[in-house]
Structure formats: C-alpha cells, structure tokens
Amino acid sequence: MRRWNGWGDSNNHYPLKPSGLAFIQARLGRAEPLPDAEMAAVIAQVPASRLPEHPGVKTDAETRLRHARGQSLPDWLAMRSGEFERFPDGVASPSSSEEVRALLDWALAQGITVIPYGGGTSVAGHINPPEGDAPVLTLSLAAMDQLMDLDTQSQIATFGAGTPGPKVEQQLRERGYMLGHFPQSWELSTIGGWVASRSSGQQSMRYGRIEQMFAGGRVETPKGTLTIPTIPASSAGPDLREIILGSEGRMGVITEVKVRVTPLPETETFQVAFAPDWDTGKELVRQMTQAKIPLSMLRLSNA
Ligand SMILES: Cc1cc2nc3c(=O)[nH]c(=O)nc-3n(C[C@H](O)[C@H](O)[C@H](O)COP(=O)(O)OP(=O)(O)OC[C@H]3O[C@@H](n4cnc5c(N)ncnc54)[C@H](O)[C@@H]3O)c2cc1C
C-alpha cells in the first residue's frame, strides 16, 4: 500500500547505509532523528467534514488524510511530524468525464472549492487545501486509469487522465508503442498531472517534452466541457493546448489526454563515458547536442 507520510509503497524500505550515515555526520554533525507521528494520532486531528452529503464523496478521516499533502520538503516535514494543518473535507474518485462534470456542477452550486488530484506528487503545494471558509473537495482521477483508444495511423493514444506512468507505458508496450515521458516521479504521477504541471521527463531529448506530446483531450471546466481536437499545427489563432499546459488545475479538470506515441525501438542502450575534467565534459555535451545526435538523454554529472 502507498505510504501515507512519504514516498512510494510502504513495503519498500531503503535504510541509510553506514557509509551514508558517516558521510552526513561528517558534514552536519551528530543529530537525533525526530520521532515520526503515528497515523492514528493524525487521524484523530481530522476535523468534521463541512461538505453536504454526496454518494460519490468519501469523508472518512483516513481518505482525507491520504489526500492532504503533496511530496515537497515542507510536505514531508508536515507529514512526518503530524502537523498537517489542513485536510480536504472529502475525496471523490469519479470514473468518467460525465461523473466529473456532475461533481463539478454540484460543487459549484454549493460554493465548494475543488482540487483536481492526479498522483499527488506535486512539489508546488497546489494539491494542499487552501485556508478559508469554503469546504474543499479533492477530486481524484485515480479511477480513470485506462488506455481508451490507440490510433496507430496517427500514432495518437487517448488515456484517462489519472493513468499513472507505469500503466501508461505497460498499456502502450503491449501494443508495440511507447510514450517515453519519464519524470523522476514517474512511478506515482499521472498523465493528466504531467499536462497540468507541464512536467519534464528524463528522455525528453528523443521523445519530446510533454508540451510536444500533448495532442489534445477533454477538460471539464466550470463553464462546461472543453474538447481540444488533435488538429495538426495551425497558423491561425492561439493554441488552446497552451492554456491547459501548466494550468495546475485552474482551468478545469482534465479528464482525457491525447498524446503522440512512438513505436517501440528495436533496441535501447544507455552508455556511460568519463571525461577528464568538468570543462571537457561540458564541451562534449555541447558538441553532441549541437550535432543533433539522436540521443534520448544526455546528462553530465560531477563526482
Ligand atoms: C520524487 C519526485 C520527483 C519528481 N520529478 C519530476 C521530474 O523529473 N520532472 C517534473 O517535471 N516534475 C517532477 N516532479 C514533480 C511532479 O511529480 C510533477 O509535477 C508531476 O507531473 C505531477 O503529477 P501528478 O499526477 O502527481 O499530479 P498532482 O501532484 O496530483 O497534481 C499536480 C498539479 O496538477 C493538477 N492536476 C493533477 N491532475 C489534474 C487533472 N487531471 N486535471 C487538472 N489538473 C490536474 C493539480 O491540481 C496540481 O495543481 C517530481 C516530484 C517528486 C516528488
């Protein structure tokens, strides 16, 4: 099960190695780790929900706790210490665009603040409930996690916006295609979240950034449904996709994402080379980039 106060699955453990501990102690000195808050104690802090009853909205304390924070350092400090500050008043997990539409209409009529929630890996604080008198509904896209269509002629795939990275690649690879968008949060982040946060992947050099992959889709806005067709490049008018890319949920809830996909490569290899010093390394990277060598990733690291 997903960890409630940190990253990843609670069955995976990565204990700090003695050499790592010695390295940190040599630089920062000795310190006593603060105790982690117990989940039961935090659950006891969750206040009563301010939402009117709705059959599609969960208001139990644990569900609200699990959707209260992202994954930034301040979020981690809050979660590990048990000082969450605020919780959403309820969490809905609709399974279709129509259900999202109905929930949005209900929330708007009741003066409820809505936060779209993909994988909850935000490091910008945008999924954390804001302060204020309005009740907060977190709208999770988790149940919309399927490949809905694959047009092999145009090489455009349509996904439910809540599809997480591993499910995007798995469903495409079964059909001989791949997307190739690998932010470091890939394991938990979702395709709708990538569009909403204009995310950047490790292999963007070959497969493109999310703004090059995002071909269109469906957004449920407060004013109605916005369908963005997958028109080829146009020289007339503004590009509506740009309004949605990086909008962080402010323009509405993205429910379907159409992306440009690529046939699987015959082989893919990753190589490591050692440069004698930093300046040579920088020059090598510059030359390889400017020569447009078809690499998917190029990364220069110091010692
Ligand atoms: C360990 C770690 C590594 C990371 N690595 C990278 C990286 O390499 N590159 C990178 O760019 N970012 C990275 N991030 C940041 C984050 O993972 C990305 O911004 C990611 O795209 C968020 O996706 P998500 O599905 O988790 O969205 P969430 O965190 O759930 O939401 C992010 C924002 O998008 C909105 N949103 C989410 N889904 C929708 C939707 N369907 N419709 C409308 N709005 C929506 C939310 O309201 C919020 O404002 C990293 C974060 C962590 C914790």
Side-chain angles (χ1 to χ4, degrees), residues 2 8-9 12 93-100 116-121 140-220 225-234 239-241 244-246 253-271 293-298:
R2 187 161 165 182
D9 192 294
N12 294 341
S93 301
S95 51
S96 67
S97 296
E98 290 72 24
E99 284 182 27
V100 172
Y117 184 104
T121 68
S140 165
L141 279 297
M144 298 175 66
D145 64 351
Q146 293 300 310
L147 173 63
M148 300 165 74
D149 182 60
L150 177 60
D151 175 347
T152 52
Q153 196 174 26
S154 303
Q155 297 188 349
I156 289 179
T158 308
F159 281 96
T163 315
K167 267 197 165 175
V168 168
E169 288 299 338
Q170 181 212 327
Q171 293 179 82
L172 285 174
R173 278 162 203 252
E174 284 166 5
R175 294 161 178 83
Y177 288 84
M178 64 179 288
L179 179 62
H181 186 68
F182 300 111
Q184 288 183 335
S185 56
W186 179 78
E187 177 191 351
L188 297 177
S189 56
T190 62
I191 196 163
W194 299 340
V195 172
S197 66
R198 198 185 272 273
S199 85
S200 183
Q202 305 300 304
Q203 288 175 255
S204 300
M205 220 174 153
R206 164 77 180 89
Y207 301 106
R209 295 172 55 92
I210 197 70
E211 53 264 40
Q212 287 141 358
M213 296 171 166
F214 178 47
R218 178 169 173 164
V219 185
E220 296 300 337
T225 303
L226 171 65
T227 305
I228 305 180
T230 55
I231 43 168
S234 163
D239 187 338
L240 287 181
R241 288 170 296 199
I244 302 305
L245 280 159
V253 185
I254 305 162
T255 58
E256 292 175 20
V257 178
K258 292 180 185 289
V259 277
R260 298 188 192 286
V261 296
T262 310
L264 281 171
E266 279 175 29
T267 57
E268 188 179 38
T269 59
F270 293 88
Q271 314 288 341
I293 298 175
L295 300 167
S296 71
M297 179 167 69
L298 185 57

So, do Thr230 and Asp151 sit near enough that their side-chain heavy atoms are less than 4.5 Å apart?
no
Roughly how far, to the nearest 0.5 Å, is CG of Leu295 from CD of Gln271?
10.0 Å
State the CZ-OG distance between Arg209 and Ser204, to the nearest 0.5 angstrom.
6.0 Å
Please tell me if the side chains of Ile210 and Val195 come closer than 4.5 Å, counting only heavy atoms from C-beta onward.
yes
I'd like to know if the side chain of Gln171 reaches the main chain of Leu147, judged simply by a donor and an acceptor atom lying under 3.5 Å from each other, with no hydrogens or angles considered.
yes
So which atom in Pro164 and which in Asp145 form the shortest heavy-atom distance, rounded to 0.1 Å?
CD-CB, 4.1 Å
For the residue pair Met144 and Ser97, what are the closest heavy atoms and their distance?
CE-N, 3.7 Å
Determine whether a donor-acceptor pair (N or O, by modelled atom type, separation under 3.5 Å) exists between the side chain of Ser140 and the backbone of Ala142.
yes
Please assess Leu141 against Val253 for the test side-chain contact (heavy atoms from CB on, under 4.5 Å), listing each intermediate value before the final yes or no.
CA-CA 9 Å; Leu141 279 297; Val253 185; 3.8 Å; yes
For Pro94 versus Ala143, what's the shortest heavy-atom pair and its separation?
O-CB, 3.6 Å
Let's go through Tyr177 and Thr152 carefully: what are the C-alpha distance in whole Å and the side-chain angles of both, what is the deciding distance for side-chain contact (heavy atoms from CB on, under 4.5 Å) to 0.1 Å, and is it a yes or a no?
CA-CA 9 Å; Tyr177 288 84; Thr152 52; 3.6 Å; yes
CZ on Arg218 to CD1 on Ile244, rounded to 0.5 Å:
13.5 Å
Mind running side-chain contact (heavy atoms from CB on, under 4.5 Å) on Val261 and Leu150 for me, showing each step along the way?
CA-CA 9 Å; Val261 296; Leu150 177 60; 4.0 Å; yes
Side chains of Phe182 and Glu169: closer than 4.5 Å at any heavy-atom pair?
yes
Is there a side-chain contact between Leu179 and Trp194, using heavy atoms and a 4.5 Å cut-off?
yes
Presence of salt bridge, Glu211 and Arg241, under 4.0 angstrom:
no
When you compare the side chain of Tyr207 with that of Met178, does any pair of heavy atoms fall below 4.5 Å?
yes
Between CE on residue Met297 and CD on residue Gln203, distance to nearest 0.5 Å
5.5 Å
Would you check if the side chain of Ser189 reaches a backbone N or O of Ser185 as a donor-acceptor pair within less than 3.5 Å?
yes
When you compare the side chain of Arg260 with that of Gln212, does any pair of heavy atoms fall below 4.5 Å?
no
Measure the CD1-CG distance between Ile254 and Leu245 for me, rounded to the nearest 0.5 Å.
8.0 Å
Between Glu256 and Lys258, is the closest basic N to carboxylate O distance under 4.0 Å?
no
Could you tell me if the side chain of Gln202 sits less than 4.5 Å from the side chain of Trp186, heavy atoms only?
no
What's the shortest heavy-atom distance between Gly160 and Met148, and which atoms?
N-SD, 3.6 Å
Backbone of Thr163 reached by a side-chain donor or acceptor of Gln146 within 3.5 Å
no
Spatial distance of atom OG1 (Thr158) from atom CD1 (Ile191) [nearest 0.5 Å]:
9.5 Å
Where Ala157 and Leu172 come nearest, the two heavy atoms and their spacing
CB-CD2, 3.9 Å
Quick one, Phe214 and His181 - any side-chain contact, counting heavy atoms below 4.5 Å?
no
